[in-house]
**Student:** 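There's a structure below that I have some questions on.
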Amino acid sequence: MKCIGAAVLAALFAYDIAIAEPVNLRTEGGLAISGDVLSFDGDYMRLRTEYGVVTVAYAGVICEGLRCPAPNGAAELRFAGSPRIGEVLLPALVEAYGRQRNLNISALEGESALQYQIGPLGAPELQVYFALNESSVGFEMQRSGTADVVMSARPATSAENAASMAAGLGALNANGRARILALDALVPVVSPLQPVKSISLDALSSVFSGEVTNWSDLKGDDGIVHPILATENSDQAHGFQSMVLGDSDAVEDATRVSVGLEMTNLVAEDPQAIGVVPMGAFGKAAPMILQDVCGLRSIPRRTSLKTGDYPLTMPLYLYLPEYRIAPQAADFLAWLRSNEAQAVIRRAGFVDQGVVPIGWDEQGERLANAILQAGSEVSLTELQGMLRTLDGQARLSTTFRFAEGATTLTPVSESHLLFLAQAIRDGQFDGRRLTLAGFSDGTGPASVNKDLSQTRADAVLAELTAALGGEVPEAVRILANGFGEALPMGCDETEWGRRMNRRVELWVGD
């Protein structure tokens with residue numbers, strides 16, 4: 001097999017996807033139609049015509065134009081969007097896919113873009129185009145028909161969803177459109193010379209909204225805080241705005257730079273600076289620990305991202321097209337959920353969605369917090385009952401979270417559920433007992449919260465059963481238990497703390 005290296009692959013991503021080009025189609029019966037080619041899946045061609053978007057069966061059609069595919073030619077799959085996904089993650093996945101399928105992967109310059117050809121030598125089955133830009137540009141290209149799949153380091157906005165529907169491409173939040181590829185995170189960083197090493201989410205928001213301007217307000221030495229943010233309209237800026245600033249505006253005098261060495265070097269060299277970078281991109285800067293008002297700490301680790309316990313977790317999304325794609329393209333996208341792909345994601349420095357155990361020895365701090373932070377209505381008897389139920393089991397990283405006062409799963413949790421269902425179908429839990437342990441925040445009466453936590457555990461079990469085709473395999477036992485507010489992960493005085501406490505954990509035992 002012949003493969004090109006990751007450096008070459010990454011270089012290809014700097015080019016724009018080919019723009020739509022016109023072709024003329026004629027059928028044997030004399031029907032003629034002209035338009036810009038939007039996509040070709042090996043059997044059907046989508047055209048933008050004067051009558052709107054038209055899909056035409058390609059068999060038996062005479063095609064004239066530069067974008068006319070050869071008979072039995074390769075199908076196309078076009079990506080556009082986040083460099084965070086395209087520069088490192090997808091090159092590694094493309095190479096691994098080729099190795100596992102024993103397919104040749106080659107790069108060549110087309111009429112208007114560089115592309116991959118994947119398949120046997122001389123007879124490629126799939127052509128994959130890439131364009132690196134911000135996620136917002138990727139959504140625009142999908143709407144214009146020059147991209148099939150959007151690579152996005154953030155969820156689609158309500159405006160982008162409305163624009164997709166207005167363009168006749170359906171809702172981006174519809175079932176099956178958004179797929180989480182991997183997990184990333186934003187981490188506040190400071191200079192190694194800055195003595196303040198932890199910060200709360202509220203304080204972080206206050207710093208970047210301009211409400212806190214001196215390090216002494218953060219229990220540090222006297223000195224003006226120098227906030228450094230990602231450039232406006234970047235994925236990191238959008239993510240930080242939605243997760244930390246909310247409706248507040250970023251301070252106007254914040255320094256705006258590209259995320260990467262430019263930001264980390266600037267922060268590392270300035271003892272008064274503070275910035276926010278993706279996980280693992282710290283450079284010479286020092287990462288800060290997030291600590292809430294109750295003293296509960298959150299550190300960006302692989303397990304804390306998988307469980308959703310780290311508050312600034314950023315899923316990396318692929319937004320798929322509403323229309324059908326070629327079987328070869330669908331096979332590649334389906335492979336991205338395989339165990340082999342998850343291993344590639346880990347090696348590339350991102351957090352995959354595979355399930356990992358979290359032993360009792362790793363949970364001492366949070367169990368101690370359960371005793372210290374549990375509300376006055378949670379008795380020692382209830383805590384003992386919870387521990388007896390879970391004794392002899394191991395917590396798994398899969399955790400399901402909900403909107404406030406609801407049983408609706410978050411997008412990350414929906415993705416976790418699909419991975420869990422696949423693992424059960426693959427027999428990974430045959431002969432084992434799975435427990436869906438529901439928990440609530442401490443808002444309201446404890447008895448109501450316990451009922452709500454049981455309702456949420458039951459809701460996850462119902463969705464999991466549906467994902468399994470309506471029946472749990474006989475080789476697996478799945479139980480649902482609600483423990484109310486007995487095991488807080490965050491401080492109920494903060495919105496994020498309450499969100500962390502509303503969850504269903506997955507435990508496994510014999």
Side-chain angles (χ1 to χ4, degrees), residues 3 6 9-10 12-13 41 75-103 105 115-119 125-132 135 138 142 147-156 172 175-184 302 305-306 313-356 397-398 411-423 425-426 428 467:
C3 286
L9 287 168
L12 299 183
F13 288 5
D41 67 8
E76 296 180 347
L77 183 62
R78 301 164 300 168
F79 291 84
S82 168
R84 181 70 174 156
I85 300 173
E87 285 178 338
V88 178
L89 189 50
L90 273 176
L93 289 165
V94 167
E95 286 193 329
Y97 176 76
R99 284 194 300 270
Q100 190 187 52
R101 295 289 196 271
N102 197 30
L103 297 172
I105 305 173
Q115 61 189 12
Y116 300 113
Q117 287 190 344
I118 303 175
E125 300 172 349
L126 181 64
Q127 295 185 123
V128 185
Y129 299 84
F130 291 92
L132 281 188
S135 299
Q142 190 181 58
D148 301 307
V149 181
V150 180
M151 305 176 291
S152 180
R154 56 172 177 78
L172 293 168
N175 188 34
R177 291 293 303 277
R179 179 181 297 181
I180 293 175
L181 181 62
L183 300 176
D184 200 3
R302 181 184 171 209
L305 266 65
K306 283 176 174 286
T313 298
M314 281 182 56
L316 301 179
Y317 293 89
L318 295 180
Y319 280 88
L320 308 183
E322 182 188 41
Y323 48 84
R324 67 172 258 163
I325 58 176
Q328 301 92 327
D331 182 70
F332 173 67
L333 293 176
W335 177 84
L336 295 177
R337 281 181 165 161
S338 67
N339 291 332
E340 293 81 5
Q342 298 306 300
V344 173
I345 290 169
R346 290 194 297 273
R347 290 196 296 271
F350 296 85
V351 177
D352 66 293
Q353 295 180 83
V355 179
V356 297
S397 57
T398 300
V412 174
S413 297
E414 288 281 3
S415 184
H416 286 338
L417 187 135
L418 294 176
F419 271 89
L420 176 58
Q422 186 61 54
R425 282 194 295 267
D426 291 343
Q428 295 183 26

**Student:** To the nearest 0.5 Å, what is the distance between OG1 (Thr398) and CG (Leu417)?
**Tutor:**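 Rounded to the nearest 0.5 Å, the OG1-CG separation comes to 9.5 Å.
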**Student:** Asp148 and Tyr323: side-chain donor and acceptor closer than 3.5 Å?
**Tutor:**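 Looking only at side-chain atoms, Tyr323 and Asp148 do form a donor-acceptor pair, the distance falling under 3.5 Å.
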**Student:** Do you know which two heavy atoms are closest between Val150 and Gly138, and how far apart they sit?
**Tutor:**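 Shortest heavy-atom contact: CG2-O, 3.4 Å.
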**Student:** Looking only at non-hydrogen atoms, find the nearest pair between Ser152 and Ser135 and report the distance.
**Tutor:**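 Scanning both residues, the minimum pair turns out to be CA-OG, 3.2 Å.
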**Student:** Under the rule for side chain to side chain donor-acceptor pair (under 3.5 Å), what residues qualify as partners of Ser397, not counting sequence neighbours?
**Tutor:**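 Ser397 satisfies side chain to side chain donor-acceptor pair (under 3.5 Å) with no other residue.
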**Student:** List for me each residue that meets side chain to side chain donor-acceptor pair (under 3.5 Å) alongside Gln422, sequence neighbours excluded, and say none if there are none.
**Tutor:**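 Testing Gln422 for side chain to side chain donor-acceptor pair (under 3.5 Å), a comparison that skips the adjacent residues, returns Arg425, Asp426.
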**Student:** Please name all residues satisfying side chain to side chain donor-acceptor pair (under 3.5 Å) with Ser415, sequence neighbours left out, ordered by chain then number.
**Tutor:**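 Ser415: side chain to side chain donor-acceptor pair (under 3.5 Å) contacts with Gln353.
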**Student:** Between atom CG of Leu316 and atom CZ of Arg154, what is the distance when rounded to the nearest 0.5 Å?
**Tutor:**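 Nearest 0.5 Å value for the CG-CZ distance: 12.5 Å.
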**Student:** Between atom CD of Gln328 and atom CD of Gln127, what is the distance when rounded to the nearest 0.5 Å?
**Tutor:**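 It comes to 11.0 Å.
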**Student:** Hey, are the side chains of Leu93 and Ile345 touching, using non-hydrogen atoms and a 4.5 Å cut-off?
**Tutor:**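 With C-beta onward as the side chain, the pair touches.
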**Student:** How long is the straight-line distance from NE2 of His416 back to CD1 of Ile180, given to the nearest 0.5 Å?
**Tutor:**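 The CD1 atom of Ile180 sits 7.0 Å away from the NE2 atom of His416.
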**Student:** Report the residues that fulfil ring pair (Phe, Tyr, Trp, His ring centres under 6.0 Å) with Phe419, sequence neighbours left out, ordered by chain and then residue number.
**Tutor:**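 Counting only residues at least two positions away or on another chain, Phe419 forms no ring pair (Phe, Tyr, Trp, His ring centres under 6.0 Å).
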**Student:** Under the side chain to side chain contact (heavy atoms under 4.5 Å, CB included) rule, what do Met314 and Leu183 come out as? Steps first, then yes or no, please.
**Tutor:** CA-CA 6 Å; Met314 281 182 56; Leu183 300 176; over 6 Å; no
**Student:** Not counting sequence neighbours, which residues clear side-chain contact (heavy atoms from CB on, under 4.5 Å) with Ala156? List them please.
**Tutor:**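 Partners of Ala156 by the side-chain contact (heavy atoms from CB on, under 4.5 Å) criterion, ordered by chain and then number, come out as Phe139, Glu160, Leu172, Tyr319.
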**Student:** Which heavy atom of Leu132 sits nearest a heavy atom of Glu87, and at what distance?
**Tutor:**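 Heavy atoms only, the tightest pair is CD1-CG, 3.5 Å.
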**Student:** Val412 versus Thr313: any side-chain heavy-atom pair under 4.5 Å?
**Tutor:**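 Not touching, per the 4.5 Å side-chain cut-off.
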**Student:** My understanding is that only residues two or more places apart in sequence, or in another chain, count here; which of them pass side chain to side chain donor-acceptor pair (under 3.5 Å) with Ser82?
**Tutor:**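 With neighbours one apart ignored, the set is Asp235.
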**Student:** Can you find a heavy atom in the side chain of Ile325 that is under 4.5 Å from one in the side chain of Val149?
**Tutor:**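 Sidechains of Val149 and Ile325: no contact.
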**Student:** Does Arg346 have any side-chain contact (heavy atoms from CB on, under 4.5 Å) partners at least two apart in sequence or in another chain, and if so, which?
**Tutor:**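 Counting only residues at least two positions away or on another chain, Arg346 forms a side-chain contact (heavy atoms from CB on, under 4.5 Å) with Arg302, Gln342, Ala343, Asp352.
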**Student:** Would you name the heavy atoms of Trp335 and Ala96 that are closest together and state the gap between them?
**Tutor:**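 The pair with the smallest heavy-atom distance is CH2-CB, 3.7 Å.
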**Student:** Just how far is it from atom CZ of Arg84 to atom CZ of Phe350, taken to the nearest 0.5 Å?
**Tutor:**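 CZ of Phe350 is found 4.0 Å from CZ of Arg84.
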**Student:** Between Tyr97 and Leu103, is there a side-chain heavy-atom distance shorter than 4.5 Å?
**Tutor:**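 Answer yes - side chains close enough.
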**Student:** Taking all atoms of both residues into account, what is the closest heavy-atom pair of Leu320 and Gly176, and its distance?
**Tutor:**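 For Leu320 versus Gly176, the nearest heavy atoms are CD1-O, 3.8 Å.
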**Student:** For residues 331-345, which residue pairs qualify under salt bridge (Lys or Arg N to Asp or Glu O under 4.0 Å), counting only residues two or more places apart or in two chains?
**Tutor:**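 Applying salt bridge (Lys or Arg N to Asp or Glu O under 4.0 Å) to every pair that reaches into residues 331-345, excluding sequence neighbours, yields Arg101-Asp331.
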**Student:** Please test Ile85 against Leu181 for side chain to side chain contact (heavy atoms under 4.5 Å, CB included), starting from the C-alpha separation and ending with a verdict.
**Tutor:** CA-CA 9 Å; Ile85 300 173; Leu181 181 62; 3.8 Å; yes
**Student:** side-chain contact (heavy atoms from CB on, under 4.5 Å) with Ala423: which residues, sequence neighbours excluded?
**Tutor:**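 Ala423 satisfies side-chain contact (heavy atoms from CB on, under 4.5 Å) with Gln428, Phe429 once adjacent residues are dropped.
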**Student:** Can you check whether Ala92's main-chain N or O pairs, donor with acceptor, with Arg347's side chain at less than 3.5 Å?
**Tutor:**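 Judged by distance alone, no pair lies under 3.5 Å.
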**Student:** Classify the angle between the aromatic ring planes of Phe130 and Phe79 as parallel (below 30°), tilted (30 to 60°) or perpendicular (above 60°).
**Tutor:**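 Because their plane-to-plane angle is under 30°, the rings of Phe130 and Phe79 count as parallel.
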**Student:** Side chain of Lys306, backbone of Gly354: donor and acceptor closer than 3.5 Å?
**Tutor:**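 Indeed, once roles are kept as given, a pair shorter than 3.5 Å links the two residues.
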